[in-house]
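We count ligands from 1, going down the list as the structure has it; atoms in each ligand are counted the same way.
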Amino acid sequence: MAPRRPPGGDRRPFVSGNWKMHHDHIEALHLVRDLGLRLKPEDTVSVEVSVHPPFTDLRTVQTLVEGESIPVALGAQHCSDHDRGAFTGEVSPQMLARLGVRYVLVGHSERRHLFGMTDEQVAATLRAVLRHGMVPVCCVGETQDERDAGRTEPVLAAQLKTAIDGLDAEQVAGLVLAYEPVWAIGTGRAATAVDAEDAAVYLRGLVGEAAGAEAASAVRIQYGGSVNGENAAELVAEPDVDGLLVGGASLDAARFLDVIRGVAGCYRS
Ligand code: PEP
């Protein structure tokens, strides 16, 4: 029996699938079509769903979800902080917006730790995404070493404050934040629901300090890190975790649907 979420709040729960560097455009077609066939109206009536395929799949997925009215928003995993120019290998936020991309992951831990993305680059990219009318999903999270050293909160504070510094309250309210402890990503070792809630409460408090109470109560906060169909319901049962960012379990339609249904079940009663 899924734990029941306490009532209150009008933040629409949000489940996102980050495919990372998996699935070419043909595989993407099969996966999204499979997901579209399995999704029932009650799965998405209260829960918003996005998929974040690799860049080369975006046009294919866009055409499919629009053509077949599949209730899934199109997402990207990253973009440049520049609109155009001599930036070999980069993808412009303007190009993503033209493809109908609605959500862009910004500062995923793999971008930060494998590709050296700094807090300042995260902030610049976040602004570039906003500039083109898309919604940044701003990822923050501590490493195992930082956690062991008792530095989780200062790390989250530094990442978040740099990302939202100078934005107005309305811009902050419209963001999605993803608390993704690095030690939980792809390890099979998810945070506990209590740890995820504590981090979400802390992040919401920081948003309140920076942008006011209205922005704090409006901003959606996802948890990400080894989410699956078994732990999804428990992770969103607490009042401040508004959804999930899912890696491995989003690569298969049935497994992703289990996560979506876990979340939807919490919001039904
Ligand atoms: C992620 O890629 O953001 C993620 C949370 O991955 P996983 O669900 O595989 O841990």
Side-chain angles (χ1 to χ4, degrees), residues 13-23 27-28 31-32 35 47-55 57-58 61 72-79 101-115 117 122 125-126 129 135-144 146-147 152 155-156 159-160 163 175-193 195-197 199-200 203 220-236 238 241-263:
F14 184 30
V15 176
S16 303
N18 172 20
W19 297 2
K20 312 194 189 202
M21 201 171 69
H22 295 287
H23 294 332
E27 293 164 322
L31 169 45
V32 175
L35 186 62
V47 178
E48 185 176 8
V49 177
S50 67
V51 291
H52 299 247
F55 290 129
D57 300 358
L58 285 174
V61 175
V72 165
L74 189 59
Q77 300 175 16
H78 175 64
C79 69
V101 166
R102 169 109 186 100
Y103 294 100
V104 184
L105 304 185
V106 178
H108 187 279
S109 76
E110 285 149 20
R111 299 304 314 177
R112 291 178 187 267
H113 295 285
L114 300 177
F115 301 101
M117 196 175 187
V122 171
T125 306
L126 191 148
V129 171
V135 179
V137 177
C138 179
C139 304
V140 296
E142 81 287 2
T143 64
Q144 182 71 62
E146 289 163 343
R147 186 175 187 81
T152 297
V155 167
L156 296 183
Q159 293 177 345
L160 182 68
L175 297 177
V176 177
L177 306 180
Y179 169 58
E180 292 216 307
V182 181
W183 47 268
I185 298 179
T187 59
R189 194 161 61 91
T192 64
D195 283 343
E197 172 68 5
L203 291 169
R220 291 189 290 177
I221 303 180
Q222 297 177 315
Y223 163 78
S226 297
V227 169
N228 56 45
E230 255 110 74
N231 58 22
E234 192 179 341
L235 284 162
V236 295
E238 300 292 332
V241 178
D242 304 311
L244 301 168
L245 178 50
V246 187
S250 71
L251 295 175
D252 171 85
R255 289 181 68 208
F256 193 41
L257 192 67
D258 282 346
V259 174
I260 296 166
R261 291 208 169 133
V263 175

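- Looking at Gln222, Glu142, Glu197 one by one, the single match for side chain to side chain donor-acceptor pair (under 3.5 Å) with Tyr179 turns out to be Glu142.
- Annotation: Val246 places no N or O atom under 3.5 Å from an N or O atom of ligand 1; distance criterion only.
- The shortest N/O to N/O separation between Lys20 and ligand 1 falls below 3.5 Å.
- When all heavy atoms of Leu235 and Leu244 are compared, the pair lying nearest together is CB-CD2, 4.0 Å.
- Less than 4.0 angstrom separates some heavy atom of Gly248 from each of these atoms of ligand 1: 7 (P), 8 (O), 9 (O).
- Every atom of ligand 1 is numbered from 1 in the order shown, and the set under 4.0 Å from a heavy atom of Gly225 is 5 (C), 10 (O).
- Across all non-hydrogen atoms, the minimal contact from Gly141 to Val182 is O-CG2, 4.0 Å.
- For ligand 1 and Ala184, the ligand atoms under 4.0 Å from any heavy atom of the residue are 10 (O).
- Between the side chain of Asn231 and the main chain of Glu234, no donor-acceptor pair closer than 3.5 Å is present.
- The backbone N or O of Ile221 lies less than 3.5 Å from a partner atom in the side chain of Asp242, making a donor-acceptor pair.
- Between Glu110 and ligand 1, no pair of N/O atoms sits closer than 3.5 Å.
- Heavy-atom contacts of Ser226 reach the following atoms of ligand 1: 7 (P), 8 (O), 10 (O) (cutoff under 4.0 Å).
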Run the side chain to side chain donor-acceptor pair (under 3.5 Å) check on Tyr223 and Glu238 step by step: do they pass?
CA-CA 11 Å; Tyr223 163 78; Glu238 300 292 332; over 6 Å; no

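- At the top of the distance list for atom 5 (C) of ligand 1, counting protein heavy atoms only, stands Glu180 OE2, 3.1 Å.
- Distances between N or O atoms of Ile185 and those of ligand 1 include no value under 3.5 Å.
- Every atom of ligand 1 is numbered from 1 in the order shown, and the set under 4.0 Å from a heavy atom of Gly186 is 7 (P), 9 (O), 10 (O).
- Nearest to atom 4 (C) of ligand 1 by heavy atom, out of Ser250, Gly247, Pro181, is Gly247.
- For ligand 1, the atoms closer than 4.0 angstrom to any heavy atom of His108 are 1 (C), 2 (O), 3 (O).
- The closest donor-acceptor contact from the side chain of Arg112 to the backbone of Cys139 lies under 3.5 Å.
- Closest heavy-atom contact between His78 and Phe55: O-CZ, 3.1 Å.
- Heavy-atom proximity to Leu245, at under 4.0 Å, picks out these atoms of ligand 1: 3 (O), 5 (C).
- His52 places no side-chain N or O within 3.5 Å of a backbone atom of Gly17 that could act as its donor or acceptor partner.
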